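Okay, structure first, notes after.
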Amino acid sequence: MTTTTMTKRRLAAGLAAASLLVAGASGCSFGVLGSSDEKPTEQTSAAAPADNSNSGDQGSGSDGANPAQGASDAGGASPAGSDQGGANGQQVAGDPNGANYPAPIFTTEAPVVVKGDPNATVTASLHGLKREGETVTALYSFKLNTTVKEAQGFFYLNGNERWTPFVIDTKNLRKHTPLATENTQERAMTELHDVDIMPGQTAYAFATFAAPPADVKTMDVMLWSTGEVAKGVEIK
């Protein structure tokens with residue numbers, strides 16, 4: 001079996017599994033995806049080689065491999081007056097109201113960057129970690145806590161960096177970052193960098209990773225870079 005064929009099958013499995021778990025919850029779409037996992041001591045993503053054959057097996061952009069993905073992610077419009085709507089007409093990422101998210105299984109208070117409020121935080125919650133074939137998907141939510149009564153962008157809240165969650169297979173000492181294309185332009189997750197959120201509002205997100213071996217039953221989950229890591233989270 002060639003490397004390209006193996007990559008296509010892995011991507012197809014990852015996309016299918018992510019869409020089954022997330023389509024009803026996140027309403028997000030993503031493009032051609034690779035895989036990523038590395039040792040916890042490494043900091044950069046190790047994505048699988050992207051397939052540039054344009055064969056149509058993987059899809060691209062918002063068209064994706066599964067039409068059931070629904071609306072586009074964070075940049076879409078939000079109805080006026082929505083309590084999840086964010087600023088400048090932007091839709092808060094993920095499931096707009098979290099109606100399909102289970103109750104949080106872990107929560108951490110994480111410092112964020114807000115001009116004029118050195119005590120600003122986000123309440124970062126993990127709502128689940130589920131295995132689907134060769135992938136695992138994590139569900140998150142983030143509530144902004146600040147005295148500044150203005151919308152804040154997630155990119156700036158995160159110290160001018162893209163939000164990039166990860167999970168760790170502590171049994172095999174492997175760090176898994178979200179499935180992505182080789183250049184990480186397309187990632188199997190909710191992109192929060194262009195989302196604005198008001199104080200007291202909650203944004204919902206997901207991220208899909210390459211699954212650990214079947215005998216791995218728990219993983220550690222990083223929700224926010226300045227927050228506590230959820231230890232020993234059971235994979236459902």
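No experiment lies behind these values; they were computed from the predicted model shown.
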Distance flag, aromatic centroids of F142 and W224, threshold under 6.0 Å = yes
query = Excluding sequence neighbours, so at least two apart, what forms side-chain contact (heavy atoms from CB on, under 4.5 Å) with S225?
reply = N158
request  = Give, for atom CE of M222 and atom OH of Y140, the distance between the pair rounded to the nearest 0.5 Å.
outcome  = 7.5 Å
request  = Kindly indicate, with the supporting measurements, whether the criterion side chain to side chain contact (heavy atoms under 4.5 Å, CB included) is fulfilled by E191 and R162.
outcome  = CA-CA 8 Å; E191 294 290 358; R162 294 171 79 184; 3.1 Å; yes
remark   = What one should report as the nearest heavy-atom pair of V229 and V221 is CG1-O, 3.4 Å
ask   = What closest approach, in Å, do T226 and A110 show between heavy atoms, and which atom pair accounts for it?
value = OG1-CB, 3.5 Å
task = Of all the heavy-atom pairs spanning A207 and P165, show the shortest one and how long it is.
result = CB-CG, 3.8 Å
message = If hydrophobic clusters are built from ILVMFWY residues whose side chains come within less than 4.5 Å, do V122 and V113 share one?
response = no
query = Any donor-acceptor pair under 3.5 Å linking the side chain of N145 with the backbone of A120?
reply = no
key: Worked check of side chain to side chain contact (heavy atoms under 4.5 Å, CB included) between I197 and L157   = CA-CA 10 Å; I197 188 171; L157 291 173; 4.1 Å; yes
inquiry  = Looking at V148, is its backbone amide N or carbonyl O close enough to the side chain of T146 to form a donor-acceptor pair, meaning the two atoms are under 3.5 Å apart?
reply    = yes
remark   = Heavy-atom nearest pair, V216 first then K171, reads CG2-CD, 4.2 Å
inquiry  = Please report the interatomic distance CZ(R131) to CD(E234), rounded to the nearest 0.5 Å.
reply    = 11.5 Å
query = Closest approach of A138 and F209, non-hydrogen atoms and distance?
reply = CB-CE1, 4.1 Å
task = Examine the side chains of T121 and E109 and answer whether a donor and an acceptor come within less than 3.5 Å of each other.
result = yes
ask   = Can you check whether F206's main-chain N or O pairs, donor with acceptor, with T190's side chain at less than 3.5 Å?
value = yes
query = Minimum heavy-atom separation for G153 to D196, with atom names?
reply = CA-OD1, 3.3 Å
From CD (E132) to NZ (K130), nearest 0.5 Å = 4.5 Å
ask   = Should we count OH of Y156 as having more than 12 external heavy atoms under 6.0 Å?
value = no
Heavy-atom side-chain proximity of H127 to S141 below 4.5 angstrom = yes
Value rounded to 0.5 Å, distance of CG in L129 from OG1 in T218 = 9.5 Å
ask   = Should L144 and F155 be regarded as members of a common hydrophobic cluster, given that ILVMFWY residues are connected when their side-chain heavy atoms come within less than 4.5 Å of each other, either directly or indirectly?
value = no
query = Just wondering, do P212 and N172 contact through their side chains at under 4.5 Å, heavy atoms?
reply = no
inquiry  = Closer than 3.5 angstrom, by distance alone: can the side chain of D220 be matched with the main-chain N or O of I168 as a donor-acceptor pair?
reply    = no
From D117 atom CG to E150 atom CD, the distance as rounded to the nearest 0.5 Å = 11.5 Å
query = Can you tell me how far the OG1 atom of T181 sits from the CZ atom of R187, to the nearest 0.5 Å?
reply = 9.5 Å
key: Backbone of A210 reached by a side-chain donor or acceptor of H176 within 3.5 Å   = yes
query = Is a donor on one side and an acceptor on the other found under 3.5 Å between the side chain of Y204 and the backbone of L139?
reply = no
ask   = Can you check side chain to side chain contact (heavy atoms under 4.5 Å, CB included) on V112 and Q152, steps first, answer last?
value = CA-CA 10 Å; V112 292; Q152 306 293 324; over 6 Å; no
